[in-house]
Amino acid sequence: MASTQSLKKASLEMLPSPLVDSSRRRIRKLRVSLLDACNFRCFYCMPVNVKFMPAAKWLRPDEIESICQNLVQFGIEQVRLTGGEPTFRRDFRDIVTRLSKLPVTKLGLTTNGFLLAKHLPFLKDTRCQHINISLDSLNEERFHKITRTSVFKQVRSSILQAQELGFNVKLNVVLMKGVNDDELLDFVAFSSEHGIAVRFLELMKIGQACKWQTARFMDAGTLVARLQESFSLAPELAENDSTSFNFKLANGARIGFIASESRPFCGSCSRWRLSADGFLRACLMAEKGVNLRGVLKDDYLPLLQQVLHMKPRARLPDIQQDMYQIGG
Ligand code: SAM
Ligand code: SF4
């Protein structure tokens, strides 16, 4: 009689990719949160006196490696490190070194950029070549108000250094009405001057931002219309499961929009998220997940099937948990 183990193996082999849900969404991208803590306090993301989870709860580098290794065998093709602030972990390099061994098509990092410069020479020799850096203002004083830090110059410089070193760099900008939406054209000029793609993120109804999101919300359609007053926008091709729609401008700027609120992309979403303490979630808006810490690979399949069922078909209106807690 076949053992449970060989049956599980056989059922896995019969499926082209087991990570396809009932809405025919194939999960192939994984966001890995290394920690919820951060050295910034962006006002829309976390309160000043935020309480983070104890560091003892974070997955260890070997646990992150093993979970990612297993998920790659089940069909994950791309991994991106996030948080909180991923570079804020002392063992950040150990984690990147371990994940660089995975047979993924893309290994990326989302960071606030403050500690990035010192890691760039190290990162250059790893497979982590796709770096998204968050920068909500090109104005030092305003940057200070948004992030509650005074490290604008370091962040700007690390962005330019990363670009010079040949990383695939993108800027993430959350444009908010009356806060920084007057910088739209400044970011276009920045993209054109430095050859760095800029993506404008719609402010989401998540955690901190829920109470006042409506008042500050700038929808991507309005921003596109504003751009069209000055430029003709040539659409760029994107993968089916891309979260952004992108344009090339005649001045060379590459501008994208992540319209999570006004044009949700749930129907083609291919992402799962692993929290810093080992919970696998099907969606940014999902509070519940499945704990993978300590789970043996042979026991993964039923758990992953549970997570497949947890993915909402359509966008949920809001979530009380903050982005930094889930892994943005
Ligand atoms: N600390 C890193 C950083 O800032 O890039 C990685 C984590 S951060 C949570 C990831 C992204 O989430 C950032 O670009 C940030 O601007 C974005 N973010 C946080 N809260 C958001 C919200 N309510 N709506 C839209 N984007 C948000
Ligand atoms: Fe930190 Fe990123 Fe949240 Fe800003 S957006 S507080 S940098 S986790």
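First listed ligand is number 1; within each ligand, the first listed atom is number 1. What you see below is based on every heavy atom in this structure, not just the backbone, and it leaves out hydrogens, waters and symmetry mates. The structure presented is a predicted model; accordingly, all values stated were derived computationally and were not measured.
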Under 3.5 Å, which donor-acceptor pairs do the side chains of residues 50-60 form with other protein atoms, sequence neighbours left out?
| residue | atom | partner | partner atom | Å |
| --- | --- | --- | --- | --- |
| Arg60 | NE | Asp62 | OD1 | 2.9 |
| Arg60 | NH2 | Asp62 | OD2 | 3.0 |

I'd like to know if the side chain of Arg199 reaches the main chain of Asn172, judged simply by a donor and an acceptor atom lying under 3.5 Å from each other, with no hydrogens or angles considered. no
Test item: Asn180 side-chain N/O and Glu183 main-chain N/O as donor-acceptor pair under 3.5 Å: no
Under 4.0 Å, heavy-atom basis, I'd like to know which part of Glu202 is in contact with ligand 1: side chain, backbone, both or neither. backbone
Is Gly84 close enough to touch ligand 1? Criterion: a residue heavy atom under 4.0 Å from a ligand atom. yes
Check Asn39, Thr111, Thr110 against Glu85 for a side chain to side chain donor-acceptor pair (under 3.5 Å) and give me the one that passes. Thr111
Nearest neighbour in protein (non-hydrogen) for atom 2 (Fe) of ligand 2: Cys38 SG, 4.5 Å
Looking at Glu85, which atoms of ligand 1 are within less than 4.0 Å of one of its heavy atoms? 1 (N), 2 (C)
For Gln163 and Ser158, indicate whether the former's side chain and the latter's backbone hold a donor-acceptor pair under 3.5 Å. no
With heavy atoms only and a cut-off of under 4.0 Å, state how Thr111 meets ligand 1: side chain, backbone, both or neither. backbone
Under-4.0 Å protein heavy-atom contact, atom 23 (N) of ligand 1: yes
Give the numbers and elements of all ligand 1 atoms closer than 4.0 Å to a heavy atom of Val174. 16 (O), 26 (N)
Is the terminal nitrogen or CZ of Lys124 (NZ for Lys, CZ for Arg) located under 6.0 angstrom from the six-membered ring centre of Phe167 and within 45° of that ring's axis? yes
Between ligand 1 and Met204, is the shortest N or O to N or O distance under 3.5 Å? yes
Tell me which protein heavy atom sits closest to atom 18 (N) of ligand 1, plus the residue, atom name and distance to 0.1 Å. Met323 CE, 3.4 Å
Cys42 N/O/S atom closer than 2.8 Å to atom 4 (Fe) of ligand 2: yes
Using distance alone, decide if ligand 1 has a nitrogen or oxygen within less than 3.5 Å of any nitrogen or oxygen in Tyr324. no
Where ligand 1 meets Asn172 - atom numbers and elements under 4.0 angstrom, heavy-atom basis: 14 (O)
Does Glu85 come within less than 4.0 angstrom of ligand 2, counting non-hydrogen atoms of the residue? no
With a 4.0 Å heavy-atom cut-off (strictly under), which part of Thr82 contacts ligand 1: side chain, backbone, both or neither? side chain
Determine whether any heavy atom of Gly84 lies closer than 4.0 Å to an atom of ligand 2. yes
Is atom 3 (Fe) of ligand 2 less than 2.8 Å from an N/O/S atom of Cys45, whether that atom is in the backbone or a side chain? yes
Okay, side chain of Arg25, backbone of Val20: is any donor-acceptor separation there less than 3.5 Å? no
Distance under 4.0 Å to a non-hydrogen atom of Asn112: what atoms of ligand 1 satisfy this? 2 (C), 3 (C), 5 (O)
